[in-house]
Amino acid sequence: MALLRSIHQGVKPICTIQRYLPAVLRRRWSDLDEHVPTRISDVHMKNSGLMIQWSGHRLESLLTANMPYVYLRDQQGQRPANQIDISVQAKHVEICENGQKLLVTWSDGCSSYYQSTWLLQHRTGTDDVSGRLAVDRVFWSSTSFASRMLHCDYEDVMSKDSTLLDCILNLESCGAVLIENAGLKPRQAVTLCDRIAYPKPVVYGYDVMKLEAKPNATSLAYTNIQIPLHTDMPYCEHVPGILLLHCIHQVEGDGGRTMCSDGFHVVEELKKRKPAAFQMLSQYPIQFRDAGDDYVGHNIDAMQKPIRLDSMGEVVAIRHNNGVRGSRFPCQLMGQLYDWYSAYYEFSNLMYDREFLVEFKLQPGQILVLDNTRILHGRSGFDLGEGVYRYLEEVYLDWDEARSKARVIMGQKT
């Protein structure tokens, strides 16, 4: 409860819209201040591209970049039906509107206008190959979790684009958001998903999963037994990116406590402390599978790497669920199984370390929103005595829709 009180008392989240927008520009577009007025001061036609020079108030020096012809032409939407003309050349260039636009006349007679700001923003490449929103990723530990997780009001999220944007950006940055005052009415999490796009259907429910203990359940989510730390549905080819847990009825006492651990932080520490274990878990996929009929009969199977990296070597996803881990391994791993199990043991133990693990009890009317590709979550067990009842509703949402909504709110076109 101390954790929830500290959040309720208004601890500032790690990023707000006002702090976020400059960070986006700094990350994607080098060291420019977004408020610095810039204009094209000079341009030269070279053999393969334009040499463009910018100047502006508060710039310490002129900025220069070489923009290839084929790239500039390709961005104008004037693309041939079956190929890109790699031999395209500029015939004439003209600086317009006091340096705010550049007019290029191409060798085939077509003309294109380019905004100075667009050219400036796209003068360099990006090291972000993940498709994530360009907000700094912030790790949290057991001692910083309360100050990192954004706290917001359900009605504000539903009615104010600024609050919704804050939620999505904080979820991208920190992996967890707590929404208060959602009430006890069923399907409030579904309504929240509809505010963004739509819920993701899965085999446990078309839009909402009713988490309550019931007899003969094949998933721990429908029992009162302790649920170890895990990510949801790693046996799916397209794993749900975001999960929403709406607490409608909670058991009294210490049982039914939510457990969370920042998987990305755990992985970074594993890489430092046990680099061989990190290498093993990020190199080989293993089997995850699930079969049952809690909602609809299903038998799903996928090979997934417990730690997934992008092409730049950055961690982009965690797949961990010991309860649905299968028995199949890649052929090239069969001679190293002891090493793999040792690595898996190190990873599994580290996520429970007091440095990373937080426990708190969701209260009725709260919705916990988690990045399912990052945050490992679980639940302590509870007694099923007479009159004891615990009921939560879980809804999934894909990251594609959430990131799309954020970009629409921010008015991003490219």
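At least one donor-acceptor pair under 3.5 Å links the side chain of Lys361 to the backbone N or O of Val251. Not one N or O on the side chain of Asp290 forms a donor-acceptor pair closer than 3.5 Å with the backbone of Ile300. In this structure, Asp293 contributes its side chain and Val296 its backbone to no donor-acceptor pair below 3.5 Å. Looking at Ser41, its side chain does come within 3.5 Å of a backbone N or O of Gln53 through a donor-acceptor pair. The main-chain N or O of His151 is never found under 3.5 Å from a side-chain atom of Glu180 such that the two would form a donor-acceptor pair. For the pair Ser282 (side chain) and Phe278 (backbone), a donor-acceptor distance under 3.5 Å is present. In this structure, the side chain of Glu401 does not engage the main chain of Ala197 through any donor-acceptor pair within 3.5 Å. Distance alone, capped at 3.5 Å, is enough to place a donor-acceptor pair between the Ser142 side chain and the Glu355 backbone. With Gln304 contributing its side chain and Cys236 its backbone, the two residues share a donor-acceptor pair below 3.5 Å. A donor-acceptor distance shorter than 3.5 angstrom exists from the side chain of Ser342 to the backbone of Tyr338, with no hydrogens or angles considered.
One finds the CD1 atom of Ile367 at 12.0 Å from the CG atom of Leu370 (value rounded to the nearest 0.5 Å). If you take CG on Leu392 and SG on Cys247, they are separated by 4.5 Å, rounding to the nearest 0.5 Å. Annotation: the span from Ile242 atom CD1 to Ile168 atom CD1 amounts to 7.5 Å, rounded to 0.5 Å. One distance of note links CG of Leu171 with CG of Asp166; it measures 12.0 Å at 0.5 Å rounding. Between the CD1 atom in Ile40 and the CG atom in Leu119 there is a gap of 5.0 Å [rounded to 0.5 Å]. Between the CE atom of Met280 and the CG atom of Leu337 there is a distance of 9.0 Å, given to the nearest 0.5 Å.
Residues Leu376 and Gly263 come closest through the heavy atom pair CD1-CA, 3.8 Å. Closest heavy-atom contact between Gln250 and Leu362: NE2-O, 3.0 Å. Of all non-hydrogen atoms in Thr231 and Asn321, the two that sit nearest each other are O-ND2, 3.3 Å. In terms of heavy atoms, Ile52 sits closest to Leu102 at CD1-CD2, 4.2 Å. Across Leu72 and Leu50, no two heavy atoms sit closer than the pair CD1-CD1, 3.8 Å. Shown here for Thr163 and Cys152, the closest heavy-atom pair between the two residues is CG2-CB, 4.1 Å.
The list of ring-ring contact (aromatic ring centres under 6.0 Å, His included) pairs with a residue in residues 243-268, not counting sequence neighbours, reads Phe139-His265, His249-Tyr389, His265-Phe356. Sorted by first then second residue, the salt bridge (charged side-chain N to carboxylate O under 4.0 Å, His left out) pairs that include residues 186-198, not counting sequence neighbours, are Asp161-Arg195, Arg187-Asp207. Applying the salt bridge (charged side-chain N to carboxylate O under 4.0 Å, His left out) test to pairs two or more places apart or on separate chains, none has a residue in residues 387-396. Under the salt bridge (charged side-chain N to carboxylate O under 4.0 Å, His left out) criterion, the residue pairs touching residues 315-338 are Asp301-Arg328, with sequence neighbours excluded.
Between Arg403 and Glu172 there is a salt bridge, since a side-chain N of the basic residue sits under 4.0 Å from a carboxylate O of the acidic one. The pair Lys271-Glu268 fails the salt-bridge criterion, with no side-chain N (NZ, NE, NH1 or NH2) lying under 4.0 Å from an Asp/Glu carboxylate O.
Tyr284 and Gln332 form no side-chain donor-acceptor contact under 3.5 Å, judged by distance and modelled atom types alone. Residues Arg148 and Asn170 bring no donor and acceptor atom of their side chains to less than 3.5 Å of each other. Looking at Asp371 and Trp399, their side chains do bring a donor and an acceptor atom within 3.5 Å of each other. No side-chain donor from either of His377 and Asn372 sits under 3.5 Å from a side-chain acceptor of the other. Looking at His230 and Asp232, their side chains do bring a donor and an acceptor atom within 3.5 Å of each other.
Between Leu244 and Ile179 there is no side-chain heavy-atom pair separated by less than 4.5 Å. For the pair Pro199 and Val208, the minimum side-chain heavy-atom distance is 4.5 Å or more. Using a 4.5 Å heavy-atom threshold, the side chains of Arg123 and Met67 count as touching. Residues Pro228 and Asn322 form no side-chain contact, since every pair of their non-hydrogen atoms from C-beta on lies 4.5 Å or further apart. With contacts defined as side-chain heavy-atom distances shorter than 4.5 Å, the pair Trp118/Leu120 does not qualify. Contact annotation: the side chain of Leu368 approaches that of Met149 to within less than 4.5 Å [non-hydrogen atoms, C-beta and beyond]. Between Cys174 and Leu150, the closest side-chain pair of non-hydrogen atoms is not below 4.5 Å.
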For this session: Could you give me the CA-CA distance, side-chain angles and deciding distance for Ser380 and Asp254, then say whether side chain to side chain contact (heavy atoms under 4.5 Å, CB included) is met?
Result: CA-CA 9 Å; Ser380 66; Asp254 289 333; over 6 Å; no
Problem set entry | Trace of the side chain to side chain contact (heavy atoms under 4.5 Å, CB included) decision for Arg39 with Gln100 | CA-CA 5 Å; Arg39 63 182 180 85; Gln100 298 306 308; 3.6 Å; yes
For this session: Apply salt bridge (charged side-chain N to carboxylate O under 4.0 Å, His left out) to the pair Arg137 and Glu314, showing each step before the final yes or no.
Result: CA-CA 11 Å; Arg137 178 185 289 169; Glu314 183 177 4; 3.2 Å; yes
Exercise. Can Leu281 and Leu270 be said to form a side chain to side chain contact (heavy atoms under 4.5 Å, CB included), step by step?
Worked result: CA-CA 10 Å; Leu281 297 179; Leu270 181 71; 4.2 Å; yes
For this session: Please step through side chain to side chain contact (heavy atoms under 4.5 Å, CB included) for the pair Met158 and Leu192, ending with a clear verdict.
Result: CA-CA 7 Å; Met158 295 300 297; Leu192 178 55; 3.9 Å; yes
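Within 6.0 Å of the CG atom in Asp383, the count of heavy atoms belonging to other residues, nucleotides or ligands does not exceed 12. Shown here is Tyr71, whose OH atom has more than 12 heavy atoms of other residues, nucleotides or ligands within 6.0 Å. The environment of Lys210 atom NZ is sparse: at most 12 non-hydrogen atoms of other residues, nucleotides or ligands sit within 6.0 angstrom. Annotation: Ile86, atom CD1; neighbour count of heavy atoms from other residues, nucleotides and ligands within 6.0 Å does not exceed 12.
Here Phe347 and His320 bring their ring centres to under 6.0 angstrom of each other.
Applying the side chain to side chain donor-acceptor pair (under 3.5 Å) rule to Arg374 yields the partners Asp262; only residues at least two apart in sequence or on another chain are considered. Legend: residues meeting salt bridge (charged side-chain N to carboxylate O under 4.0 Å, His left out) with Glu155, ordered by chain and number and at least two apart, are absent.
The aromatic rings of Trp340 and Tyr344 lie parallel to each other, their planes meeting at an angle below 30°, with 60° marking the opposite boundary.
Annotation: cation-pi geometry not satisfied between Lys200 and Tyr396 (NZ/CZ under 6.0 angstrom from ring centroid, within 45° of ring axis).
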